[in-house]
Amino acid sequence: MDIQSLPLPEPFIRACKNKGITSLYPPQAECVHNGLLEGKNLLISIPTASGKTLLAEMAMWSRIGAGGKCLYIVPLRALAAEKYDEFSKKGVIRVGIATGDFDRTDSYLGDNDIIVATSEKTDSLLRNKTPWLSRITCIILDEVHLIGSENRGATLEMVITKLRYTNPGLQVIGLSATIGNPGQLAEWLDAKLVTSSWRPVDLKQGVYYDGKIRFAGSERPVHAKTKHDDLNLCLDTIEEGGQCLVFVSSRRNAEGFAKKAAGALKAGTPDTRELGRQIRKLRDRDEGNLLADCVEKGAAFHHAGLLRQERAIIEEGFRNGFIEVISATPTLAAGLNLPARRVIIRDYSRFSSGLGMVPIPVGEYHQMAGRAGRPHLDPYGEAVLIAKDAPTVERLFDTFIDAETERIDSQCVDDNSLCAHILSLIATGFASDEQALTEFMNRTFYVHQHPKTRSLPRIISDAIRFLTQAEMIHQSEQTLSATSLGNLVSRLYLNPCTARLILENLKPGKTLTLIGLLHVICVSPDMQRLYLKSADTQMLRTFLFKHNDDLILPLPFEQEEEELWLSGLKTALVLGDWADEISEKQIEERYGIGAGDLYNIVDSGKWLLHATERLVSTHIPELGKTIATLATRVHHGIKAELLPLITLRNIGRVRARTLFNAGYPDPESVAKAGVSRIARLIGEGIARQVIEEISGVKKSGKSGFEAENKPEYKPQKLTDIPGIGPKIAQKLQNEGINTISDLLTADKVSLSNILGSARTEKILAILSELTPETGIKAERNESPLREQKITGQSSWEDFGC
DNA sequence: GCCCATGTATTTTAGACAGCATGTC
DNA sequence: CTAAAATACATGGGC
């Protein structure tokens with residue numbers, strides 16, 4: 001089928017032509033025949049790299065041509081960024097991206113024709129009643145089979161159900177890997193099912209044993225260059241001019257294999273050495289950098305302990321053909337599109353606690369195998385499993401290559417996130433009584449799979465009971481409504497169990513310490529915890545011996561709970577060290593974690609501390625202040641003494657520490673020191689910028705030295721302060737704040753309630769710069785955490801719900 | 001007493017989503 | 001119902 005003959009906007013057709021795409025692949029043509037461009041729902045289950053993205057784009061362009069707006073839902077932030085780039089390149093249409101870490105376009109998001117978002121972000125937008133969502137006329141569900149994922153499937157299912165509920169006539173395009181029950185999923189989506197195993201590059205799947213790869217019907221000998229089968233398979237492809245992807249079961253294995261491969265590759269090229277340099281630059285120029293050592297030779301490993309930038313360099317280096325082999329954990333299987341001529345699935349079983357080594361799902365095998373063969377670049381793709389003995393050869397064919405893919409099952413009721421979803425349904429007005437909840441749930445995939453279920457009413461009323469007890473919803477007559485707490489929890493995207501855990505334990509009555517607070521957050525279901533190693537247990541016991549009194553939660557007796565408690569403590573200690581300015585390298589060594597892990601822990605910690613502050617501030621403003629301080633400390637990884645400096649733009653933990661140690665503990669002293677002295681510490685460009693900021697001078701052609709002699713900025717009235725106009729001033733006056741000095745003595749929490757926290761921060765930052773000159777001392781008691789008292793009691797019982 | 005080879009007990013084991021603010025210069 | 005590989009430690013023998 002010729003693209004030019006299709007009813008698609010001209011710019012899109014031109015863009016395709018420029019990329020060399022003139023006609024459709026057979027499965028793509030089938031989708032067009034099935035109404036892709038006429039707004040029909042489709043579930044498309046075809047192999048990776050057979051043109052799913054183009055199908056999505058065709059559907060979206062045709063909807064946009066008809067005045068519509070499209071939402072492209074992906075499971076990973078990295079994937080969102082990739083699609084965003086890809087769609088943006090075509091020009092003409094407006095593309096936006098919405099993920100948790102990437103919301104700069106948020107305010108104008110609704111103006112875009114296409115919005116790329118993660119499923120969680122979409123859920124969050126729904127909970128915050130984002131108006132433009134009702135104008136969406138087409139959703140693309142990338143990797144829709146993830147609806148069966150235990151962790152995150154429920155969210156995706158609820159998002160789909162909600163959007164279809166509010167937007168009648170919505171076109172739904174599901175893009176799925178091969179699954180066992182595609183018909184059932186298609187039925188639920190009211191979609192036509194398109195399946196095909198057609199691939200643009202031929203894929204050969206086989207098992208290696210005893211010097212040969214056995215494919216169905218053919219064999220291929222592999223030259224035994226070394227005594228390692230996995231390595232030989234790898235070198236075989238490289239000699240032939242291809243690249244290799246090796247999937248293994250653990251990080252250590254990934255690193256081990258890359259080291260082995262690097263040893264065999266020996267030389268490396270100028271390109272790989274450059275990549276190595278780039279990777280070295282990312283860390284403190286310390287001695288051993290295994291990744292850089294490997295990459296220099298053209299081998300790399302890939303897992304979640306790496307930094308994002310490291311992963312990006314490796315992926316790009318592989319795509320450009322510089323890196324010849326990557327050994328990876330499943331990160332790469334699910335993530336970006338990174339094909340290679342040969343994929344080696346070396347470890348086909350993985351540890352699962354309580355179960356031992358279990359074989360990976362067939363679906364996952366196919367996802368890995370599907371990575372073999374680069375369209376237009378490789379003549380064919382090979383996916384190879386490695387057998388350790390003769391009988392295993394056949395077994396591997398049976399369990400993976402010739403096996404049926406697993407079915408997917410709805411996770412939306414037995415998942416512990418049901419409470420959160422019920423709360424959000426009530427808070428956003430999807431349902432205002434039990435009847436409506438049931439009706440809504442009847443539209444889920446769960447009920448489609450279990451049409452005769454009778455347990456649903458009980459499950460729903462259990463959730464309602466929990467939420468009522470937690471004072472998140474309120475029941476009068478038959479009507480359910482969210483309390484202000486419930487609304488807050490829903491909008492903060494917090495698991496209700498987490499919110500309850502926090503509120504139960506931060507009640508007044510106990511001495512609150514930094515580690516005690518962090519510990520509460522770290523045992524919540526929303527925190528990603530660290531795995532406990534045996535050496536940790538010893539370390540934690542020692543810590544407990546000395547600091548048991550600092551903790552709020554008592555050590556539980558039951559073993560399972562104890563493990564959660566301890567791993568939460570370990571995670572809390574990591575956050576504590578980070579906020580105590582322990583160097584990243586030291587933290588990584590002390591807890592045996594990678595830089596990427598640290599980043600993730602801090603990221604989650606930041607989010608949960610922010611949420612905690614919001615939760616607590618309403619009831620105990622004093623405590624809210626303390627938590628806000630701590631949130632800032634964890635955000636930047638600084639001790640309390642650096643708080644004044646961190647408010648400056650372009651000053652992070654390192655520069656703030658440099659300035660502080662050189663005798664400039666706050667913005668005023670920095671300004672007084674002048675550009676030349678500060679420049680010696682943090683470089684002239686930054687120094688100039690910072691001092692300009694402190695003096696409140698807008699960026700202009702003026703030199704930084706002039707800025708030093710600028711007359712002091714002395715506001716007289718409230719409206720003299722940038723950020724405060726007549727309306728805001730009126731609001732403040734209504735609360736009894738009439739003058740600048742009132743503002744300075746007012747406490748931050750009540751200000752936040754009047755102005756919102758972002759504005760308050762901004763205004764306080766401005767005020768803090770001028771206090772000495774105005775003669776008013778801003779005494780914002782950031783009392784040390786250890787002395788903070790709160791009253792009440794904490795209980796262990798409701799821990800973790 | 002030291003070094004190495006071998007045997008035995010112990011330890012370790014993937015990944016990754018989410019908030020903020022809605023008026024003002 | 002279900003693990004396996006790497007590593008740390010222990011032992012023993014040769015010198």
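Remember, it's a predicted structure, so these values are computed and weren't measured experimentally. Just so you know, these numbers use all the heavy atoms, side chains as well, and skip hydrogens, waters and symmetry mates.
Distances shorter than 4.0 Å separate some side-chain N or O of A/Arg251 from OP1 or OP2 on B/dG15. Proximity of A/Arg77 to the phosphate of B/dA18: a side-chain N or O atom is located under 4.0 Å from OP1 or OP2. Put simply, A/Arg529 has no side-chain N or O that comes within less than 4.0 Å of OP1 or OP2 on B/dG15. For A/Ser534, a side-chain nitrogen or oxygen approaches OP1 or OP2 of B/dT12 to under 4.0 Å. Distances shorter than 4.0 Å separate some side-chain N or O of A/Thr118 from OP1 or OP2 on B/dA18. Phosphate proximity of B/dG19 to A/Ser124: present, with a side-chain N or O under 4.0 Å from OP1 or OP2. Distances shorter than 4.0 Å separate some side-chain N or O of A/Lys121 from OP1 or OP2 on B/dG19. At B/dG15, one or more side-chain N or O atoms of A/Thr329 fall inside 4.0 Å of OP1 or OP2 (strictly under the cut-off).
When Watson-Crick and G-U wobble pairs are counted only if both distances are under 3.5 Å, B/dC20 pairs with no nucleotide at all.
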* To do: Verify side chain to side chain donor-acceptor pair (under 3.5 Å) between A/Ser424 and A/Lys162, making sure each step is shown before the conclusion.
  => CA-CA 11 Å; A/Ser424 94; A/Lys162 282 182 189 173; 2.9 Å; yes

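Nucleotides of DNA chain C nearest to A/Leu355 and A/Lys388 differ in position, and the one nearer the 5' end is that of A/Leu355.
In this structure, the nucleotide among C/dA3, B/dG19, B/dA16 sitting nearest to the side chain of A/Phe351 is C/dA3. Between C/dA6, B/dA18, B/dA14, one nucleotide has an atom nearer to the side chain of A/Thr99 than all others, and that is B/dA18.
Heavy-atom minimum distance, A/Phe400 versus A/Val362: O-CG1, 3.9 Å.
Protein atom CG of A/Leu609 is 12 Å distant from nucleotide atom C1' of B/dG19, rounded to whole Å. Going from atom CD of A/Glu143 over to atom P of B/dC17 covers 13 Å, rounded to whole Å. Rounded to an integer number of Å, the gap from CD1 of A/Ile502 to P of B/dA18 is 18 Å. Rounded to an integer number of Å, the gap from OH of A/Tyr599 to P of B/dG15 is 17 Å. Separating the CZ atom of A/Phe257 from the C1' atom of C/dA6 is a distance of 17 Å, rounded to the nearest angstrom. Between A/Tyr493 atom OH and B/dA18 atom P there is a gap of 8 Å when expressed in whole angstrom units. Atoms NE2 (A/His228) and P (C/dA6) sit 10 Å apart, rounded to a whole Å. One atom, NE2 of A/His421, and another, C1' of B/dC17, lie 11 Å apart when rounded to the nearest Å.
Contacts of A/Ser249 with the nucleic acid, taken as non-hydrogen atoms under 4.0 Å apart, involve only primed sugar atoms and P, OP1 or OP2. The residue A/Ala611 sits apart from the nucleic acid: no heavy atom pair falls under 4.0 Å. Across all strands, A/Asp603 comes closer than 4.0 Å to no nucleic acid atom at all (heavy-atom distances). Heavy atoms of A/Leu76 sit under 4.0 angstrom from primed sugar atoms or phosphate atoms, though from no base atom.
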* Dot-bracket notation for DNA chain C, counting Watson-Crick and G-U pairs under 3.5 Å, with | for partners on another strand -> ..|||||||||||||

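In the model, A/Tyr591 has no side-chain atom that pairs as donor or acceptor with a side-chain atom of A/Asp536 under 3.5 Å. Residues A/Tyr493 and A/Asp526 have side chains that never bring a donor and an acceptor to within less than 3.5 angstrom of each other.
Between A/Met158 and A/Leu126, the closest side-chain pair of non-hydrogen atoms is not below 4.5 Å. With contacts defined as side-chain heavy-atom distances shorter than 4.5 Å, the pair A/Leu575/A/Val602 qualifies. A 4.5 Å side-chain heavy-atom check between A/Thr130 and A/Leu109 finds every atom pair outside the cut-off. A heavy-atom distance below 4.5 Å is not found between the side chains of A/Glu82 and A/Glu315.
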